Protein chains: 2
Amino acid sequence: MDTNTKLKQILRNEGFRYTPQRQMVWNELRNMGGHHDCEEIYDELKGKGTRVSRATVYRTIEVLARNGLIRKLEVGDGVARYEAKEDGNHHHDHMICIETGDIIEFYNEELERLQEEIAEKHGYELVRHVHQLFVKKK
Amino acid sequence: MDTNTKLKQILRNEGFRYTPQRQMVWNELRNMGGHHDCEEIYDELKGKGTRVSRATVYRTIEVLARNGLIRKLEVGDGVARYEAKEDGNHHHDHMICIETGDIIEFYNEELERLQEEIAEKHGYELVRHVHQLFVKKK
DNA sequence: AGCTCACATGAGACTCAATATCAATAAAGA
DNA sequence: TCTTTATTGATATTGAGTCTCATGTGAGCT
């Protein structure tokens with residue numbers, strides 16, 4: 001199933017319509033690659049002469065995130081960034097260089113296991129987590 | 001050394017003045033206990049008839065955080081919360097209940113070690129980290 | 001204690017990401 | 001094609017946080 005059919009199905013499941021704008025936002029974020037905020041996505045689409053509004057970008061991104069097509073990333077600068085979850089792009093956390101702003105992805109099995117364990121130990125179930133390492137080049 | 005003398009010394013080291021407002025913000029956050037945002041601190045002080053401005057609360061909190069007297073916590077709802085670091089209140093991370101909003105502190109030696117290791121492995125030095133577990137009661 | 005002045009404060013303007021409003025538009029089933 | 005109802009776009013609004021600047025005040029100096 002191609003990725004736009006997947007979008008269509010997800011939207012239908014939620015009772016949403018499959019509109020050109022939603023397709024454009026989704027395709028744009030995938031084409032751009034990496035981590036981007038709504039303003040960047042909006043500018044990119046505008047730059048291509050696309051007819052889309054800021055409000056629609058924000059609304060669409062919210063829907064995509066809620067349905068797990070994209071992943072939200074907040075690094076503490078007051079701007080939410082998003083990345084497309086491609087097939088085979090499994091869960092990962094982020095390392096942010098405080099000097100360059102570079103975002104590096106990492107994944108560690110043991111780390112994941114420990115978190116489940118800690119939640120468990122306190123009588124909770126782990127739903128999701130935010131884990132960011134702020135680093136600088138050695 | 002009592003905690004207000006400590007505040008005084010820290011301010012002097014940075015070339016800042018030891019003012020009633022800075023003492024009030026610091027004392028208020030300690031008295032309240034737990035995690036609070038600037039607006040709550042401001043309201044609390046106002047409620048006591050104290051003469052203090054919103055701007056000063058924000059400015060003071062920033063100074064306290066930069067000097068390690070308090071710890072900043074962002075759970076992703078667009079409001080920064082702070083907690084006083086008491087003596088013997090060592091580093092910890094947070095578990096946030098998505099149903100009640102409760103904030104539980106946790107600390108795990110192994111987790112800390114792993115993070116250093118991961119940064120290292122990528123050629124970086126770990127400066128600080130943000131680690132939050134969003135959980136719900138089992 | 002009084003003087004001085006650079007730093008701090010308070011009130012309100014301002015910023016900026018994000019959300020809400022609402023008339024006009026367009027999916028999508030009949 | 002028609003009709004219904006969600007969606008869109010333009011813009012206003014919100015809200016946390018920051019900035020400005022005239023006024024106030026800590027603290028070193030005499």
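Predicted, not measured: the structure shown is a model, and the values here were computed from it.
For the pair Glu14(B) CD and dA27(D) P, the computed distance is 15 Å after rounding to whole Å. The distance from atom NE2 of His36(B) to atom P of dA16(D) is 16 Å, rounded to the nearest whole Å. Rounded to whole Å, the distance from CG on Leu64(A) to P on dT7(D) is 13 Å. The distance between atom CZ of Arg81(A) and atom P of dA17(C), rounded to the nearest whole Å, is 11 Å. If you measure from atom CE of Met24(B) to atom C1' of dA8(C), you get 12 Å, rounded to the nearest angstrom. Atom-to-atom, CG of Asp77(B) to C1' of dA17(C) comes out at 15 Å; the value is rounded to the nearest Å. Separating the CD atom of Gln23(B) from the P atom of dT25(D) is a distance of 15 Å, rounded to the nearest angstrom. Separating the CG atom of Leu11(B) from the C1' atom of dA27(D) is a distance of 14 Å, rounded to the nearest angstrom.
Both Val130(A) and Val75(A) sit in one connected hydrophobic cluster of ILVMFWY residues. Membership requires side-chain heavy atoms under 4.5 Å apart, directly or through other members.
Between Glu44(A) and Lys48(A), no side-chain nitrogen of the basic residue sits less than 4.0 Å from a carboxylate oxygen of the acidic one, so the salt-bridge criterion is not met. A salt bridge does not link Glu125(A) with Lys138(B): every distance from a Lys NZ or Arg NE/NH1/NH2 to an Asp or Glu carboxylate oxygen is 4.0 Å or more. Under the 4.0 Å criterion applied to side-chain N and carboxylate O atoms, Arg66(B) and Glu62(B) are assigned as salt-bridge partners.
Considering only side-chain N and O atoms, Ser53(B) lies nowhere under 4.0 angstrom from the phosphate OP1 or OP2 of dA11(C). OP1 or OP2 of dG17(D) sits under 4.0 Å from a side-chain N or O of Tyr58(B).
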Quick test: give all pairs of protein nitrogen or oxygen and nucleotides 24-28 of chain C nitrogen or oxygen below 3.5 Å, distance rounded to 0.1 Å.
residue: dA28(C); atom: OP1; partner: Tyr18(A); partner atom: N; Å: 3.0

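Where Glu74(B) and Arg22(A) each meet DNA chain D at their nearest nucleotide, the meeting point lying more 5' is that of Arg22(A). When each of Cys38(B) and Thr56(A) is assigned the nucleotide of DNA chain D with its nearest heavy atom, Thr56(A) is the one assigned upstream, toward the 5' end.
Taking only side-chain atoms of Ala80(B), from C-beta outward, the nucleotide of dG17(D), dA20(C), dA18(C) with the closest atom is dG17(D).
Among His129(B), His131(B), His35(B), the single residue meeting the ring pair (Phe, Tyr, Trp, His ring centres under 6.0 Å) criterion with His94(B) is His35(B).
Side-chain atoms of Arg59(B) and base atoms of dG10(C) include a donor and an acceptor less than 3.5 Å apart.
The backbone N or O of Lys46(B) sits nowhere less than 3.5 Å from a side-chain atom of Thr50(B) that would complete a donor-acceptor pair.
Aromatic ring centres of Tyr107(B) and His90(B): separated by under 6.0 Å.
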